[in-house]
Trainee: 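Shown below is the structure under consideration.
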Amino acid sequence: MIEESGLAQVAYVRGEFLPLEKATLDIRTHAFLYGTSVFEGIRAYWVADQGQILVFRAKEHYARLERSCKILHLQCPLSFERMLELTAEILQKNQCQSDTYLRPIVYKADLRIDPFLNTPNTQDDFCLFTVPLQQYIDTRTGLHLGISSWRRLDDNMMPVRAKVSGAYVNSALAKTDAKLSGFDDAILLSEDGHVAEGSAMNLFLVRDGRLITPSVTSNILEGITRDTVIQLAKQELGIAVEGRSIDRTELYVADELFLCGTATEIAPVTKVDHRLIGNGKTGALTQQLQDLYQQVVRGQLPKYEAWLMVVPVTG
Ligand SMILES: Cc1ncc(COP(=O)(O)O)c(C=O)c1O
């Protein structure tokens with residue numbers, strides 16, 4: 001693939017950087033046959049006047065990737081430090097001078113028919129690519145979400161706190177149905193009928209000045225943006241977040257509602273199932289959190305510099 005700049009893009013695969021078009025897998029690969037790979041979505045923010053790109057909470061993403069590997073019996077062939085180094089290297093090699101999304105993947109590379117995960121001498125591998133990414137979903141105007149008829153996976157069916165590629169069929173079905181029905185995205189309920197999350201984002205609501213989000217035992221992905229929101233709300237706004245199970249109709253009567261995730265960032269929701277949320281505009285607290293989040297990820301709040309990995313990118 002040639003980017004507009006004319007620069008051939010590379011991906012890291014099978015232990016080396018290769019041109020993207022050569023970064024291909026054998027169709028017999030276990031991960032392709034059975035969805036047995038785990039991944040992360042990481043954002044890096046370009047700061048033009050400093051000639052550097054800021055990778056947001058890279059360590060937390062790789063720590064979650066390692067936890068996902070553990071759950072899926074995957075042996076990541078690279079150390080934590082090497083994955084961080086490769087993250088910086090690929091941003092430099094691809095001369096990423098705009099906001100960028102990074103996708104590291106650990107996958108079961110065996111060429112065999114059999115879903116068993118833990119064979120002797122099993123081969124697991126790591127790959128990584130980048131794509132330019134501005135807005136993943138519209139965060140400026142409010143979203144209209146629909147409650148999906150697809151239920152969110154239960155942790156005893158498919159590990160929900162691991163980012164397993166096969167599990168995204170659940171997200172894909174919910175998102176597709178929502179969009180075909182005229183909504184911007186879906187909210188998935190757990191099998192027990194409580195609110196879990198969006199198709200690939202966590203959810204917060206505001207009621208009477210309280211910030212509430214489904215707890216980590218509500219079949220959610222333990223989102224890094226969710227954690228960022230919890231910390232910013234507490235440290236910058238003095239608001240403690242309540243993590244608990246949420247009923248469907250609490251969404252309808254919420255004063256404010258928003259989704260959050262690495263790709264999504266913070267996206268206000270102003271309608272659910274054709275009901276206006278609050279006054280139908282982005283809520284004041286949502287706006288404050290959205291502004292704070294942008295300042296943090298773009299390196300404008302020195303207090304949170306430890307969350308940023310700084311990578312110089314020269315043209
Ligand atoms: C299913 C799901 N839930 C929530 C999130 C948000 O997680 P994070 O903030 O770590 O990106 C994501 C995105 O990674 C996701 O795929």
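Throughout, numbering of the chain's residues begins at 1 and tracks the sequence. As the structure lists them, so they are numbered: ligands from 1, and atoms in each ligand from 1.
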Trainee: May I ask you to list the atoms of ligand 1 that are less than 4.0 angstrom from any heavy atom of Lys163?
Mentor: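 So the atoms of ligand 1 that pass are 12 (C), 13 (C), 14 (O), 15 (C), 16 (O).
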Trainee: Tell me, with the steps shown, if Tyr168 and Phe39 meet ring pair (Phe, Tyr, Trp, His ring centres under 6.0 Å).
Mentor: CA-CA 11 Å; Tyr168 281 77; Phe39 67 96; 5.0 Å; yes
Trainee: Give me the residue, atom name and distance of the protein heavy atom closest to atom 1 (C) of ligand 1.
Mentor: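 Among all protein heavy atoms, the one nearest atom 1 (C) of ligand 1 is Glu197 OE2, 3.1 Å.
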Trainee: Specify the closest pair of heavy atoms between His144 and His274, including all atoms of both residues, with the distance to one decimal.
Mentor: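 Heavy-atom minimum between the residues: NE2-N, 2.9 Å.
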Trainee: Quick one, Thr286 with Glu256, criterion side-chain hydrogen bond (donor to acceptor under 3.5 Å, both in side chains). Give me CA distance, side-chain angles, the key distance, then yes/no.
Mentor: CA-CA 7 Å; Thr286 307; Glu256 299 182 30; 2.6 Å; yes
Trainee: Is it possible for you to check whether Arg275 lies under 6.0 Å from the centre of the six-membered ring of Tyr252, through NZ or CZ, and within 45° of that ring's axis?
Mentor: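 Yes, Arg275 lies over the aromatic ring of Tyr252.
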Trainee: Cationic tip of Lys59 within the cone over Phe80's six-membered ring, i.e. under 6.0 Å and within 45° of the normal?
Mentor: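 No, Lys59 does not lie over the aromatic ring of Phe80.
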Trainee: Check ligand 1 against Thr262 and write out every atom of the ligand that is under 4.0 Å from a heavy-atom position of the residue.
Mentor: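 Close to Thr262: 8 (P), 9 (O), 10 (O), 11 (O).
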Trainee: Which atoms of ligand 1 sit under 4.0 Å from any heavy atom of Met201?
Mentor: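 Those atoms are 2 (C), 3 (N), 4 (C), 5 (C).
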Trainee: Among Leu292, Val296, Thr228, which one satisfies side-chain contact (heavy atoms from CB on, under 4.5 Å) with Tyr304?
Mentor: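 Of the listed options, the one satisfying the test is Val296.
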Trainee: Nearest protein heavy-atom contact for atom 9 (O) of ligand 1: which residue, which atom, what distance?
Mentor: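 For this ligand atom, the closest protein heavy atom is Thr225 OG1, 2.6 Å.
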Trainee: I need the single residue from Leu86, Leu84, Asp125, Val106 that forms a side-chain contact (heavy atoms from CB on, under 4.5 Å) with Leu78. Which is it?
Mentor: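 Only one option passes, and that is Leu86.
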Trainee: Using non-hydrogen atoms of the residue, decide whether Glu60 is closer than 4.0 angstrom to ligand 1.
Mentor: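 It does not, in that no heavy atom of Glu60 comes within the 4.0 Å cut-off of ligand 1.
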Trainee: Among Glu222, Glu265, Arg64, which residue places a heavy atom closest to atom 10 (O) of ligand 1?
Mentor: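 Nearest heavy atom to atom 10 (O) of ligand 1 lies in Arg64.
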Trainee: How far is atom 16 (O) of ligand 1 from the closest protein heavy atom, and which atom is that?
Mentor: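 Ranking protein heavy atoms by distance from atom 16 (O) of ligand 1, first comes Tyr168 OH, 2.4 Å.
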Trainee: Looking at ligand 1, would Glu40 count as a contact under a 4.0 Å heavy-atom criterion?
Mentor: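 No, Glu40 has no heavy atoms under 4.0 Å from ligand 1.
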Trainee: List ligand 1 atoms under 4.0 Å from Gly223, heavy atoms only on the residue side.
Mentor: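 Answer, ordered by atom number: 7 (O), 8 (P), 9 (O), 10 (O).
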Trainee: Give the atoms of ligand 1, by number and element, whose distance to some non-hydrogen atom of Leu221 is under 4.0 Å.
Mentor: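 The atoms of ligand 1 under 4.0 Å from a heavy atom of Leu221 are 2 (C), 3 (N), 4 (C), 5 (C), 7 (O), 12 (C), 14 (O), 15 (C).
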Trainee: Keeping the roles fixed (side chain from Thr29, backbone from Ala31), state whether a donor-acceptor pair exists under 3.5 Å.
Mentor: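 No, the answer is negative, given that no donor and acceptor are paired below the 3.5 Å cut-off.
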Trainee: Please state which protein non-hydrogen atom is closest to atom 12 (C) of ligand 1 and give its distance, to 0.1 Å?
Mentor: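 That would be Ala200 O, 3.2 Å.
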